[in-house]
There are 2 protein chains.
Amino acid sequence: MTKVMSFNPHDHEACTASALEKADAYCQKHALKFTPVRRQVLEILCSDHKALGAYEILKRLGPLGFKSQPPVVYRALEFLVAHRFVHKIEKLNAYVACMHHDTSHVPAFLICRNCETVAEAPNKEPSDLVAQIAKTNAFTVEKTVYEAEGLCVNCKEDMADDAR
Amino acid sequence: MTKVMSFNPHDHEACTASALEKADAYCQKHALKFTPVRRQVLEILCSDHKALGAYEILKRLGPLGFKSQPPVVYRALEFLVAHRFVHKIEKLNAYVACMHHDTSHVPAFLICRNCETVAEAPNKEPSDLVAQIAKTNAFTVEKTVYEAEGLCVNCKEDMADDAR
DNA sequence: TTGTGTTATGTTATAATATAACATAAATGA
DNA sequence: TCATTTATGTTATATTATAACATAACACAA
Ligand SMILES: [Zn+2]
Ligand SMILES: [Zn+2]
Ligand SMILES: [Zn+2]
Ligand SMILES: [Zn+2]
């Protein structure tokens with residue numbers, strides 16, 4: 001089982017560079033506009049393996065010459081989350097850069113309630129890899145959130161009815 | 001695999017009665033104060049297998065003769081969540097009554113994004129029972145949130161240092 | 001190149017969620 | 001009874017997020 005970077009010393013410059021490169025390449029390939037704000041927000045989120053709230057990001061955008069109204073950051077986050085460059089940590093109402101964008105994965109996180117460092121478990125299945133990752137990283141899991149959102153039978157049927 | 005009640009016709013009076021009874025008994029046993037507000041909030045959450053926001057609950061408390069300032073409901077929810085009579089659905093910033101309070105379990109939910117009905121998967125392990133439950137209930141999982149919160153090695157060490 | 005539709009930003013205002021802080025009351029237990 | 005803790009009452013405010021509408025930039029066909 002691999003050790004995650006977030007909780008261990010590592011070449012963090014490389015993290016950032018790689019995340020931005022991957023985003024650049026992906027946007028290029030899919031004709032998405034990786035505009036300055038979007039890029040800058042991702043860069044801010046890459047600056048550390050911590051989850052940042054929207055307003056914290058906004059605060060950091062100001063000095064960089066960007067406008068500081070909430071919609072600015074929320075729109076950028078919407079884009080970044082939609083294309084999976086960033087994940088939202090629901091428990092914290094905060095956002096974190098994805099470190100495995102090239103790999104298809106079900107996001108699952110180890111969140112330190114003390115330092116707010118977030119490690120993304122590199123798992124392909126929505127399974128118990130998290131428990132293993134936690135173990136090999138000496139991370140003590142205290143509380144987990146696993147929420148599956150989707151569509152129930154009833155609503156699916158209702159929608160089918162409506163379509164008729 | 002069992003069908004969950006939330007998405008299927010069932011004797012819902014029994015759901016409510018059972019949840020309230022369990023809470024009564026548990027509080028009795030552990031010398032917890034199951035005060036009127038706390039009981040009423042649980043009752044409101046039991047009225048349907050839907051997640052309700054704090055302010056929606058607050059709205060319903062008013063006509064019942066309770067005070068309607070936010071802290072009233074947040075305090076009641078804090079109590080109910082702490083003792084696991086209620087779970088918070090982080091994705092929705094909403095709350096749902098627990099249907100398995102007597103069973104030790106890792107909460108995991110199937111949340112319909114259309115009708116906001118929430119079904120709690122009755123799983124003992126934080127595992128893929130959810131996927132199975134979803135299957136036998138014809139629930140289409142579109143998005144999952146699995147977040148493990150705890151303490152990382154570094155913080156644990158820091159705390160050990162501080163204690164010295 | 002001009003027009004036209006589309007996507008992205010700018011801007012103001014406000015909604016929705018949650019907590020801080022301090023006061024009072026009720027219950028608990030020497 | 002008095003002291004202590006626990007629960008409520010109350011006001012104010014913090015934090016997170018979105019609605020709504022205006023403008024700009026961009027894409028691309030006529
Ligand atoms: Zn790094
Ligand atoms: Zn930590
Ligand atoms: Zn029921
Ligand atoms: Zn539904």
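Residue numbers start from 1 in every chain, and the chains themselves are labelled A, B, ... in the order their sequence lines are given, proteins ahead of strands. Side chains are part of it too, since the values below use all heavy atoms of this structure and drop only hydrogens, waters and symmetry mates. What you see is a predicted model; the values in this text were computed from it and never measured.
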Which pairs with one or both residues in residues 11-23 of chain A pass salt bridge (charged side-chain N to carboxylate O under 4.0 Å, His left out), sequence neighbours excluded? A:Lys22-A:Asp102

Whole angstrom value for the distance that separates C1' of D:dA17 from CD1 of A:Ile89: 18 Å

Partners passing side chain to side chain donor-acceptor pair (under 3.5 Å) against A:Lys88 (at least two apart in sequence or in another chain): none

Rounded distance (nearest 0.5 Å) linking atom CE of A:Met99 with atom CD of A:Glu120: 8.5 Å

Identify all side-chain donor-acceptor contacts of residues 55-81 of chain A below 3.5 Å with residues at least two apart in sequence or on another chain.
{"from": "A:Glu56", "atom 1": "OE1", "to": "A:Lys59", "atom 2": "NZ", "distance (Å)": "3.4"}
{"from": "A:Glu56", "atom 1": "OE2", "to": "A:Arg60", "atom 2": "NE", "distance (Å)": "2.7"}
{"from": "A:Glu56", "atom 1": "OE2", "to": "A:Arg60", "atom 2": "NH2", "distance (Å)": "3.1"}

Given DNA chain C, 5'-ward residue of the pair A:Leu32 and B:Pro70, judged by closest heavy atom: A:Leu32

Within this structure, what is the CZ-to-P distance between B:Phe79 and D:dA7, rounded to whole angstrom? 8 Å

Euclidean distance, atom CZ of residue A:Phe34 to atom C1' of C:dT7 [Å, nearest integer]: 17 Å

Kindly indicate, with the supporting measurements, whether the criterion side chain to side chain contact (heavy atoms under 4.5 Å, CB included) is fulfilled by A:Cys15 and A:His49. CA-CA 10 Å; A:Cys15 283; A:His49 296 280; 3.6 Å; yes

Just the rounded figure in Å: distance from P of C:dA18 to CG of B:Leu77. 9 Å

With sugar-phosphate meaning primed atoms plus P, OP1 and OP2, does A:Tyr95 contact a base, only sugar-phosphate, or nothing at under 4.0 Å between heavy atoms? sugar-phosphate

What's the separation between atom SG in B:Cys98 and atom NE2 in B:His87, rounded to the nearest 0.5 Å? 3.5 Å

Any residue of residues 49-68 of chain A with a heavy atom less than 4.0 Å from an atom of DNA chain C: A:Lys67

Contacts of B:Arg38 and B:Gln69 projected onto DNA chain D by closest heavy atom; the upstream (5') one is B:Arg38

Pairs where residues 23-32 of chain B contributes a residue and the test side-chain hydrogen bond (donor to acceptor under 3.5 Å, both in side chains) is met, not counting sequence neighbours: B:Asp24-B:Arg39

Does A:Lys88 put a side-chain nitrogen or oxygen below 4.0 Å from OP1 or OP2 of D:dA17? yes

When you match B:Val72 and B:Asn93 each to their closest nucleotide on DNA chain D, which lands nearer the 5' end? B:Val72

Rounding to an integer number of Å, can you tell me how far B:Leu92 CG sits from C:dA16 P? 15 Å

Listed partners of B:Lys50 passing salt bridge (Lys or Arg N to Asp or Glu O under 4.0 Å), at least two apart: none

Single-linkage hydrophobic cluster, 4.5 Å side-chain cutoff, B:Leu52 and B:Leu92 together: no

Overall bend of the helix from C:dT1-D:dA30 to C:dA30-D:dT1 (five pairs an end, 10° steps) is 20°

Contacts to DNA chain C from residues 39-48 of chain A, heavy-atom cutoff under 4.0 Å, which residues? none

Under 4.0 Å between a side-chain N or O of A:Tyr74 and OP1 or OP2 of D:dA17? yes

Quick check: is B:Phe109 connected to B:Tyr95 through a chain of hydrophobic side chains (ILVMFWY, heavy atoms under 4.5 Å apart)? no

How long is the line joining NZ of A:Lys91 and P of D:dT16, in whole Å? 15 Å

Using a cutoff of under 3.5 Å, can you pull out all pairs of nitrogen or oxygen atoms linking the protein to nucleotides 20-30 of chain C, with atom names and distances?
{"from": "C:dA21", "atom 1": "N6", "to": "B:Arg75", "atom 2": "NH2", "distance (Å)": "3.4"}

For the OG1 atom of A:Thr16 and the CD atom of A:Glu43, what is their distance to the nearest 0.5 Å? 8.0 Å

Going by side chain to side chain contact (heavy atoms under 4.5 Å, CB included), name the residues that satisfy it together with A:Ala23, two or more places apart in sequence or in a different chain. A:Phe34, A:Leu42, A:Phe85

Could you measure the distance from the CG atom of B:Leu20 to the NE2 atom of B:His101? Nearest 0.5 Å is fine. 12.0 Å

Nearest 0.5 Å, what's the NE2-NE2 distance between B:His12 and B:His10? 5.5 Å

